[in-house]
2 protein chains.
Amino acid sequence: MNKIRAVVFDAYGTLFDVYAVTARAEQLFPGKGEALALLWRERQIDYTRLRSLAAPDGARYKPFWDITIDALRYAADRLGLKLDDATEAQMLKEYACLSGFPENLGALKRLRRAGLPLGILSNGNPQMLDIAVKSAGMHGLFDHVLSVDAVRQYKTAPAAYALGPRAFELPAAEILFVSSNCWDACGATWYGYTTFWINRAGHPAERLDVAPTGTGHDMNDLLDFVTAAGVAV
Amino acid sequence: MNKIRAVVFDAYGTLFDVYAVTARAEQLFPGKGEALALLWRERQIDYTRLRSLAAPDGARYKPFWDITIDALRYAADRLGLKLDDATEAQMLKEYACLSGFPENLGALKRLRRAGLPLGILSNGNPQMLDIAVKSAGMHGLFDHVLSVDAVRQYKTAPAAYALGPRAFELPAAEILFVSSNCWDACGATWYGYTTFWINRAGHPAERLDVAPTGTGHDMNDLLDFVTAAGVAV
């Protein structure tokens, strides 16, 4: 395996718990919260891919926050839930200020102490990422907070993954890309990164004829992987 | 509206009823059939988009039949269902030989009698489409059966939608593109086609800042749309 010289994280679902919105959704729409949160997330990702695939030049690009609103409105319509302005604002506020997973902050600090530059490479637009990083108490931990907004192409477009090597001035293979979304870890592997899939839910791997370099259950397993790769953390 | 000079159909879900596999799935996995069919379909579409978005040059392309098998295996794994070779073969056979929706054959014949050249433009690879067209009794109705396999890019990539105007030697705006998948009708609208969304399930429109030219519930509504557009059928 290549020497790891930097670690780059996906944001939503990896650093920040996107399904934390489920509790709020359940409170607002008893019995429908989980379905709403799942469909919201599904459409959010669908819309990023449809727009980027339809226009490699970025002509259909729309910032992730706006897509997040579109997806929420679709999901509510589809499930027959009335989403008035106040309710929508509550749901969006929940999404804007997500919590980190419990072990994340400690793990990030250990990686930094080991001398590894850290980054985020996310579909989220810069304003969203800025708020989310602060909400999760992760301010100051990242050398680069990279948004695909700079290239107007969502993951798994190569232009999106290219942001990491460019910012860190390292070959992709020397950057460890970490995501809890298997498809994202696979996309990064295709691009050339060394990768780690945080499989929190214990799902099977996506069948895409490519495997993340490493897999574990949470961020503590990532620390073990980094140590095994020769960087004591 | 532009004069309509040809009609091109999406295949799976539009001409052929993909959820017809649900009954077989339910028979094989009582109580889990619907979940299996839905997750299978979801992953099938996800994998097409992930592969095309990751490699605009087609380097990650894999034929739709093979992706269909990958998606079925993933869905079964994810739901904890044991898919032995015989069961898998039964599910795949069901998918290979889908039925058409009841009104489709009559509607296609009326469009042809009105002098409109007809086509299919599908993610499916040529062998799949050939078998499906024959199974549904639609052999001989189409002037062009177009597969994205020719360009190794799945919808909503512009290269995929470009197959229609090229084959029919018509501007996209003079071709009516018909799909029961709202995202596909939207993608074709972005590309420049005149479009019709067959909204069989009564779902809300996808929030993609674009609307199909027309919408209806089934293929009979399509005939009304074509008549209103100036072609008596």
Side-chain angles (χ1 to χ4, degrees), chain A residues 38-40 42-57 59-62 66-81 153-161 181-192 201-210, chain B residues 38-40 42-57 59-62 66-81 153-161 181-192 201-210:
Chain A
L38 283 171
L39 188 57
W40 181 10
E42 184 194 295
R43 276 309 191 278
Q44 181 195 46
I45 294 298
D46 282 351
Y47 290 174
T48 64
R49 293 176 187 165
L50 287 165
R51 288 176 175 277
S52 287
L53 187 54
D57 63 355
R60 305 295 174 196
Y61 177 78
K62 189 175 187 180
D66 300 328
I67 283 181
T68 298
I69 296 171
D70 289 341
L72 173 58
R73 290 176 181 171
Y74 177 87
D77 279 356
R78 172 79 174 262
L79 296 171
L81 304 175
Q153 281 275 78
Y154 285 104
K155 301 174 187 174
T156 54
Y161 290 118
N181 300 298
C182 187
W183 61 265
D184 186 19
C186 288
T189 310
W190 275 334
Y191 186 80
H203 287 164
E206 301 293 349
R207 289 184 177 256
L208 290 165
D209 303 315
V210 62
Chain B
L38 284 170
L39 188 58
W40 182 9
E42 183 194 297
R43 276 307 191 280
Q44 182 194 45
I45 294 298
D46 281 352
Y47 291 174
T48 65
R49 294 176 187 164
L50 287 165
R51 287 177 176 276
S52 287
L53 188 53
D57 64 356
R60 304 295 175 198
Y61 177 78
K62 189 175 187 179
D66 299 329
I67 283 181
T68 298
I69 296 171
D70 289 342
L72 173 58
R73 290 176 181 171
Y74 176 87
D77 279 357
R78 171 79 174 261
L79 297 171
L81 303 175
Q153 281 275 76
Y154 286 104
K155 302 171 185 176
T156 54
Y161 290 118
N181 300 297
C182 187
W183 61 265
D184 187 18
C186 288
T189 310
W190 276 334
Y191 185 80
H203 286 163
E206 300 294 348
R207 291 184 175 256
L208 289 166
D209 304 315
V210 63

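What you see below is based on every heavy atom in this structure, not just the backbone, and it leaves out hydrogens, waters and symmetry mates.
- The CG atom of L53(B) sits 4.0 Å away from the OG1 atom of T156(A) when rounded to the nearest 0.5 Å.
- Taking 4.0 Å as the cut-off between side-chain N and carboxylate O, D209(B) and R60(A) do not count as a salt-bridged pair.
- In this structure, chain B has heavy atoms under 4.5 Å from both the backbone and the side chain of P204(A).
- Nearest heavy-atom pair across A54(A) and P158(B) is O-CG, 3.2 Å.
- Contact of A59(B) with chain A is not made at all, since no heavy-atom distance falls under 4.5 Å.
- Interface with chain B: from residues 182-190 of chain A, residues W183(A), W190(A) qualify, criterion being any non-hydrogen pair under 4.5 Å.
- With values rounded to the nearest 0.5 angstrom, K62(A) atom NZ is found 9.0 Å from R207(B) atom CZ.
- Proximity to chain A among residues 43-52 of chain B is limited to R43(B), D46(B), Y47(B), R49(B), L50(B), R51(B), S52(B), judged by heavy-atom separations below 4.5 angstrom.
- Heavy atoms of E206(B) lying under 4.5 Å from chain A belong to its backbone as well as its side chain.
- The contact between Y154(B) and chain A is made entirely by backbone atoms, counting heavy-atom distances below 4.5 Å.
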